[in-house]
Amino acid sequence: MEIPLKVESLSKTFGQRKIVSDLSFQVKLGSIHGFLGPNGAGKSTTIKMLTGLMLPTSGSVEIFGKKLDPTQSNYKSLIGLLPEHLPLYLDMTPRESLQFMMKLHHQKLDSSREEQMIELYGLKEVYERPIGHLSRGFRQRIGLAQAMVFDPKLIILDEPTNGLDPQSVVEFREILRHLSKTKTILFSSHILSEVELLCDEVTIIHQGQIKGSGPIEILGKQFKRGQKIHFLTKNSEVQIPNAKKNQTNTQGEVLWTIDFTDENDHRREVFEYCAEKKIQILELWTEKSDLEDLFLQLTESKK
Amino acid sequence: MIYHLLKKELHSIFSTPLAYILVSLYSLISGVMFFNLLVTYSDGIQVVNPEMLKGISFVDEVVLRLFANMNFLLLLFIPLITMRSFSEEYKNQTINLYWLSPVKEWELLLAKQLAALIVILSFMAMTLIYPMVIWGVGINDLSLLVQCYFAILLNSLAYISIGVFFSSLTENQVVSAILTILSIMLLWMISWGAHLSSNYYLSELMAYLGITVHFERLLRGTINSQDLVYYVSVIFIFSFLSLKKLGMRKFI
């Protein structure tokens, strides 16, 4: 079977600093592959090397079986990239920018393709308005439409949901699910839950090195997930074991946080403990640790 | 491909007010200069003794001076046009759209240079009114006008290739404009330095490297291959350097 993306011992150094070292992984045809790592792990640098925007210090990248060579342009219409910083001409309308992208790839935007793009990315109402006047959510969709319009087989997205409001994130996820029926998608993120929702396979990197790569169920077991319980109390005088006193607001309410390394439900325990000690809880909520916390735990435990 | 790229460039240039402001300012300032030259000349010929008038010609006092002044204005205006070329693409990271598509570096560079040239041509079109005003009164020689505009055109091409090069170096438009202005001024000043050196070869070299000598010869119509080689070299060198800079991403 054809492999859309094969990375072999990819490394990048700037002077003395190793940004990425010895990355090897594969993306299967028709899959959504998550590329996970905390901020500064080397995800964007890797993506630049995967798309030929940057030359690796060593190692190789193969796109559909062909070795990627930045001096050639034979691979360029195979990859659609949505970078973290959206490459948009704010003075163009979505129509103009899609037409321009097609011309860059020596194609013509016919009306059926145009309608398809408007429909899929929900661009009907903004299609003739300058991109500079549109919201972040629309810009993100136009960015993706731009990367997709010339029909690449492999789509690479760098932190696509950063800075989107929850509604747009849900819509964006739907678009990706729809795309995955016909395309192979690699998408980077630092949010574990997002990757879990969408991806079949995942590659995790930290400090430029691979911590794991493969089907998500298998990797999920390797990384224990934790959670945080936050709660507000009226009285700041009390002591609660294991809890970290975070901040006091103007009304004298105190925010506490307890870190748990397992996934069991601890809300009841916390509530009962406070009830016993007559500490009034005003509000209580949980937060699942994101990947960044996981990596912090991981690196701290190694010290 | 170049046609599509050029169309896009012109769209971005003319969709902002900057281009219109610059064109209006250019024609306003050059218009004031033209008026001034005319007034000074007509005042002058009324005051001086008719015997002395023999050494003063309308072409020297008004036409050539006008074109020299227009050239001076270009020193300030061309960097303001070219500063956006690549700097803005770097800043918005839209440059990657080209590198992710089959577009070649030279195609993009040429489109940027041509777009700047078209803006400059629109500047020049606005100045065509001056020769019309004095046609038949002060001048009636079409070849003089052609050589003057040809001189301005070659100078513009040289300045554009310098401006686009500095724009390809940085994502900061202001830095790009300042570097371009300084470099063009340096090209002017080299030939002034020629008088300071006592070494014959050095002073000859400095005189050749300066752009003013060549520009003046072109204006006066005493055109020779030396001058053409000079302009072609400047344009070629800065275009070559820009291409090298654009291609560097493949090697770092």
Heavy-atom side-chain proximity of [X] to [Y] below 4.5 angstrom:
{"X": "B:L100", "Y": "A:Y75", "result": "no"}
{"X": "B:K8", "Y": "A:E96", "result": "no"}
{"X": "A:P87", "Y": "B:N96", "result": "no"}

From OG (B:S12) to CE (A:M92), nearest 0.5 Å: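 B:S12 OG to A:M92 CE: 6.0 Å, rounded to 0.5 Å.
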Rounded distance [0.5 Å steps], CG in A:L90 versus CG in B:N92: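 Answer for the CG-CG pair, A:L90 versus B:N92, is 6.0 Å.
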Any donor-acceptor N/O pair, A:K76 side chain to B:V103 backbone, under 3.5 Å: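 The answer is no, because no donor-acceptor pair under 3.5 Å joins these two groups.
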Partners meeting ring-ring contact (aromatic ring centres under 6.0 Å, His included) with A:Y89 (sequence neighbours left out):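 A:Y89: no ring-ring contact (aromatic ring centres under 6.0 Å, His included) contacts found.
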Residues forming a ring-ring contact (aromatic ring centres under 6.0 Å, His included) with A:H33, sequence neighbours excluded: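 Only A:F25 meet the ring-ring contact (aromatic ring centres under 6.0 Å, His included) criterion with A:H33.
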Counting only heavy atoms from other residues, nucleotides and ligands, does the tally under 6.0 Å from [atom1] of [X] exceed 12?
{"X": "B:M185", "atom1": "CE", "value": "no"}
{"X": "B:I129", "atom1": "CD1", "value": "no"}
{"X": "B:K245", "atom1": "NZ", "value": "yes"}

Choice from B:K7, B:K104, B:E89 maximising heavy atom contacts with chain A below 4.5 Å: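 Of the options given, most contacts go to B:E89.
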Heavy-atom pair count under 4.5 Å with chain A, highest-scoring of B:T94, B:I95, B:L5: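 Sorted descending by pairs with chain A, the first entry is B:T94.
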Chain B contact via A:Q99 - which portion, at a heavy-atom distance below 4.5 Å: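 Nothing of A:Q99, per the 4.5 Å heavy-atom cut-off to chain B.
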Within residues 102-136 of chain A, residues adjacent to chain B where the heavy-atom gap is under 4.5 Å: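 A:K103, A:L104, A:H105, A:H106 fall under the 4.5 Å cut-off.
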B:E88 versus chain A, the contacting section by heavy-atom distance below 4.5 Å: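 Answer is neither: B:E88 stays 4.5 Å or more from chain A.
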Considering all heavy atoms, the nearest A:S73-B:P102 contact: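 Distance-wise, the nearest heavy atoms are CB-CA, 4.0 Å.
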Nearest atoms (heavy-atom pairs only) where A:D91 meets B:H11: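 Nearest pair, atom of A:D91 first, then B:H11: O-CE1, 3.7 Å.
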Show me the donor-acceptor pairs within less than 3.5 Å that the side chains of residues 41-56 of chain A make with the rest of the protein, sequence neighbours left out.
unit_1: A:K43; atom_1: NZ; unit_2: A:G37; atom_2: O; d: 2.6
unit_1: A:K43; atom_1: NZ; unit_2: A:P38; atom_2: O; d: 3.3
unit_1: A:K43; atom_1: NZ; unit_2: A:E159; atom_2: OE2; d: 3.2
unit_1: A:S44; atom_1: OG; unit_2: A:D158; atom_2: OD2; d: 2.8
unit_1: A:T46; atom_1: OG1; unit_2: A:G42; atom_2: O; d: 2.6
unit_1: A:T51; atom_1: OG1; unit_2: A:I47; atom_2: O; d: 2.9
unit_1: A:T51; atom_1: OG1; unit_2: A:K48; atom_2: O; d: 3.2

